[in-house]
Amino acid sequence: MITFLSGGTGTPKLLRGMQKVMDRHEISVVVNTAEDIWISGNHISPDLDTVMYLFAGILNTETWWGIRSDTFTTHEEVTRLGADEFIAIGDRDRAVHIARGEMMRNGMRLTNVTKILCERFGVRENVLPMTDTEVTTQVKTDLGLIHFQEYWVRAKGKIEIEEVLRSYDEPPVATEEVLLAVAASDAVIIGPSNPITSILPILSCEGMKQALGGKPVIAVSPFIGDAPVSGPAGVLMKASGFEPSSIGTFTCYEGITDIFVQDIRDPVQVSDSVRFDTLMTDEDKSIALAHDILELVRKC
Ligand code: GDP
C-alpha cells in the first residue's frame with residue numbers, strides 16, 4: 001500500500017499514472033478538504049471531487065476539475081435567476097454535490113459520504129478526506145478575509161494577498177481511516193500539489209505528522225525555477241513567508257520528507273534531491289513519473 005497526500009491538480013496527475021502501474025486497491029489518497037465550500041445549498045469538495053472523478057474515469061482532464069462533457073444548464077439558469085453561483089458547476093457534478101450535502105446534513109461523516117460516493121462510481125482506490133470537520137483556507141486581502149475560492153475563482157487571483165490562514169470551529173484531526181491507511185503503507189508520497197493550500201492543511205491535521213514519522217516520505221516539488229507549473233502557489237508561498245521555489249517547498253516539508261524530488265529542468269538546487277522529469281503533460285508522462293517514484297519506494 002502507498003498513501004498519497006493530494007490536492008486537486010498536481011498529485012491527481014501523478015495518480016493518473018499510478019493507477020496504471022499499481023494494483024488500484026493498493027492506492028490510498030488523503031485529500032485536502034480546506035477548499036470545501038457550500039454553494040447553492042450543496043457541498044463542493046473540489047479536491048475530493050477531482051480525485052474521485054479521476055478514479056471513476058470521468059474527470060475532465062483538460063481542466064482537472066468537473067466531469068468530462070458535463071452540461072451547465074442548471075448553473076446557467078440559477079445564475080439567470082439571480083443566484084450568486086461564482087463557480088461554474090456542471091449538472092452531473094452538481095448531482096454529486098447535492099447527494100453529498102444531503103448526506104452531510106443528515107449527520108454522516110465526510111469519510112463515510114466519500115466512501116458511498118466512491119462505491120457508486122466504482123472507484124477501487126481508498127479515497128479519504130483528511131478530516132471530518134470543517135476547515136477553510138482563507139486569504140487576507142484589502143477586501144478583508146475571504147475564502148480561498150473567492151480569491152482564486154471569483155477574483156481570478158487578481159487581488160493582492162497579505163496572508164493565508166486556516167479557520168475552523170474545532171481544530172482538524174486526521175481521521176482514524178487516514179491514520180490506518182498511513183500505518184498500513186510502505187511509503188507516503190506528497191505529490192506535486194500546492195504546498196500552502198493543499199498539503200499544509202493535511203499535514204496540520206492533528207496526528208498526521210506523528211503518523212508520517214515512522215514512514216518513508218517522498219515529496220515531489222510543484223515548482224520549476226521561481227514559478228509553479230500552474231496555479232497560485234507562488235504568491236501563496238510568498239504570503240506565507242516561504243520562497244516560491246523548490247527550496248521553499250522543501251522548507252515547508254522540513255523534518256517530514258526523506259526524499260525530495262525536483263524536476264530535471266529546475267535551476268534551483270535542493271541538496272540531496274532526486275531529479276526526475278516531473279512535467280506530466282500527458283498520461284504517458286504521468287506513467288513514466290509513477291514508475292520512477294515506485295522505483296524510489298522499492299529502494300526505501
Ligand atoms: P489544486 O488543489 O487545484 O490547487 O491542485 P494541487 O494543489 O493538487 O496542485 C497544484 C500544483 O500542481 C501547482 O502548484 C502546480 O505547480 C502543480 N503541478 C501541476 N501540474 C504539474 C506537473 O505536471 N508537474 C509538477 N511537478 N507540478 C505540477
Side-chain angles (χ1 to χ4, degrees), residues 4-18 29-37 44-54 59-66 87 127 129-130 135-137 139 147-149 151-153 156-157 161 164 166 189-203 218-240 242-246 248-250 252-253 260-268 270 273-290 292-293:
F4 298 82
L5 310 191
S6 183
T9 308
T11 306
K13 285 186 186 175
L14 177 60
L15 291 168
R16 183 194 203 182
M18 284 292 176
V29 190
V30 178
V31 184
N32 169 50
T33 58
E35 288 172 39
D36 291 12
I37 190 166
I44 305 187
S45 188
D47 296 352
L48 272 178
D49 286 341
T50 290
V51 171
M52 182 169 70
Y53 297 159
L54 170 78
L59 179 68
N60 179 348
T61 50
E62 299 292 311
T63 55
W64 289 86
W65 59 265
I87 297 178
V127 180
M130 64 184 196
V135 44
T136 305
T137 296
V139 290
H147 193 293
F148 173 72
Q149 300 286 357
Y151 161 73
W152 183 238
V153 183
K156 300 186 170 51
I161 54 172
V164 184
R166 268 186 300 282
I189 314 287
I190 301 179
S193 281
N194 186 323
I196 304 298
T197 51
S198 295
I199 302 300
L200 288 186
I202 302 176
L203 296 175
I218 299 171
V220 184
S221 178
F223 279 89
I224 300 180
D226 60 3
V229 173
S230 62
V235 279
L236 296 169
M237 292 282 276
K238 274 195 222 158
S240 305
F242 295 101
E243 192 181 301
S245 69
S246 288
T249 305
F250 180 76
C252 272
Y253 305 153
F260 190 76
V261 176
Q262 21 175 180
D263 193 84
I264 41 169
R265 307 160 188 82
D266 194 346
V268 173
V270 174
S273 71
V274 173
R275 297 278 187 161
F276 290 142
D277 184 350
T278 73
L279 213 44
M280 295 170 281
T281 44
D282 58 33
E283 189 174 56
D284 287 345
K285 295 286 220 77
S286 295
I287 291 172
L289 181 59
D292 288 338
I293 290 176

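Any value given below was found using the heavy atoms of this structure, including those in side chains, with hydrogens, waters and symmetry copies removed. In each ligand, atom 1 is the first atom listed, and ligand 1 is the first ligand listed.
Looking at heavy atoms from C-beta onward, Pro195 lies out of side-chain contact with Phe242 at the 4.5 angstrom threshold. Considering only heavy atoms from C-beta on, Pro12 comes within 4.5 Å of Val51 through its side chain. Looking at heavy atoms from C-beta onward, Leu279 lies out of side-chain contact with Leu289 at the 4.5 angstrom threshold. The closest side-chain heavy-atom distance from Trp65 to Asp49 is not below 4.5 Å. Residues Met280 and Pro192 meet the side-chain proximity criterion, which asks for heavy atoms closer than 4.5 Å.
Atoms of ligand 1 lying under 4.0 Å from at least one heavy atom of Asn194, given by number and element, are 6 (P), 7 (O), 9 (O), 10 (C), 11 (C). Listed by atom number, the atoms of ligand 1 under 4.0 Å from Ser230 heavy atoms are 13 (C), 14 (O), 15 (C), 16 (O), 19 (C). Annotation for ligand 1: atoms under 4.0 Å from non-hydrogen atoms of Ser198 are 2 (O), 6 (P), 7 (O). The contact set between ligand 1 and Asp47, taken as ligand atoms under 4.0 Å from a residue heavy atom, comprises 2 (O). For ligand 1, the atoms closer than 4.0 angstrom to any heavy atom of Ser221 are 26 (N). Near Pro228, meaning under 4.0 Å from one of its heavy atoms, ligand 1 places the atoms 14 (O), 16 (O).
Within the 4.0 Å heavy-atom criterion, neither part of Lys285 lies near ligand 1.
Residues Phe148 and Pro232 come closest through the heavy atom pair CZ-CG, 4.0 Å.
Listed for the His147 side chain is a donor-acceptor partner under 3.5 Å among the backbone atoms of Asp36.
Screening Asp47, Leu5, Val135 for a side chain to side chain contact (heavy atoms under 4.5 Å, CB included) involving Met130 leaves a single residue, Val135.
The N/O atoms of Pro12, backbone and side chain alike, include none that comes under 3.5 Å of an N/O atom in ligand 1. Ligand 1 has an N or O atom lying under 3.5 Å from an N or O atom of Lys13, backbone or side chain. Backbone and side-chain nitrogen or oxygen atoms of Leu279 are examined, and none is located within less than 3.5 angstrom of a nitrogen or oxygen of ligand 1. Checked against a 3.5 angstrom limit, the closest N/O atoms of Val220 and ligand 1 fall outside it. Any N or O atom pair closer than 3.5 Å counts here, and Ala233 shares no such pair with ligand 1.
Of the protein's non-hydrogen atoms, the one nearest atom 23 (O) of ligand 1 is Met280 N, 2.8 Å. In this structure, the protein non-hydrogen atom closest to atom 24 (N) of ligand 1 is Thr278 O, 2.7 Å. Of all protein heavy atoms, the one lying nearest to atom 11 (C) of ligand 1 is Pro192 O, 3.5 Å. Counting protein heavy atoms only, atom 2 (O) of ligand 1 is closest to Gly8 N, 2.8 Å. The protein atom (non-hydrogen) at minimum distance from atom 8 (O) of ligand 1 is Ser193 OG, 2.5 Å. Ranking protein heavy atoms by distance to atom 9 (O) of ligand 1, first place goes to Gly10 N, 3.0 Å.
Between the side chains of Thr11 and Ser193, at least one donor N or O lies within less than 3.5 Å of an accepting N or O.
Asp263 has no carboxylate O lying under 4.0 Å from a charged side-chain N of Arg275, or vice versa, which leaves the two without a salt bridge.
The environment of Lys238 atom NZ is sparse: at most 12 non-hydrogen atoms of other residues, nucleotides or ligands sit within 6.0 angstrom. Other residues, nucleotides and ligands place more than 12 heavy atoms under 6.0 Å from the CG atom of Asp266.
Comparing Val229, Asn32, Asp266 against atom 21 (C) of ligand 1, the shortest heavy-atom distance belongs to Val229. Between Thr9, Asp282, Ile224, it is Thr9 that holds the heavy atom closest to atom 5 (O) of ligand 1.
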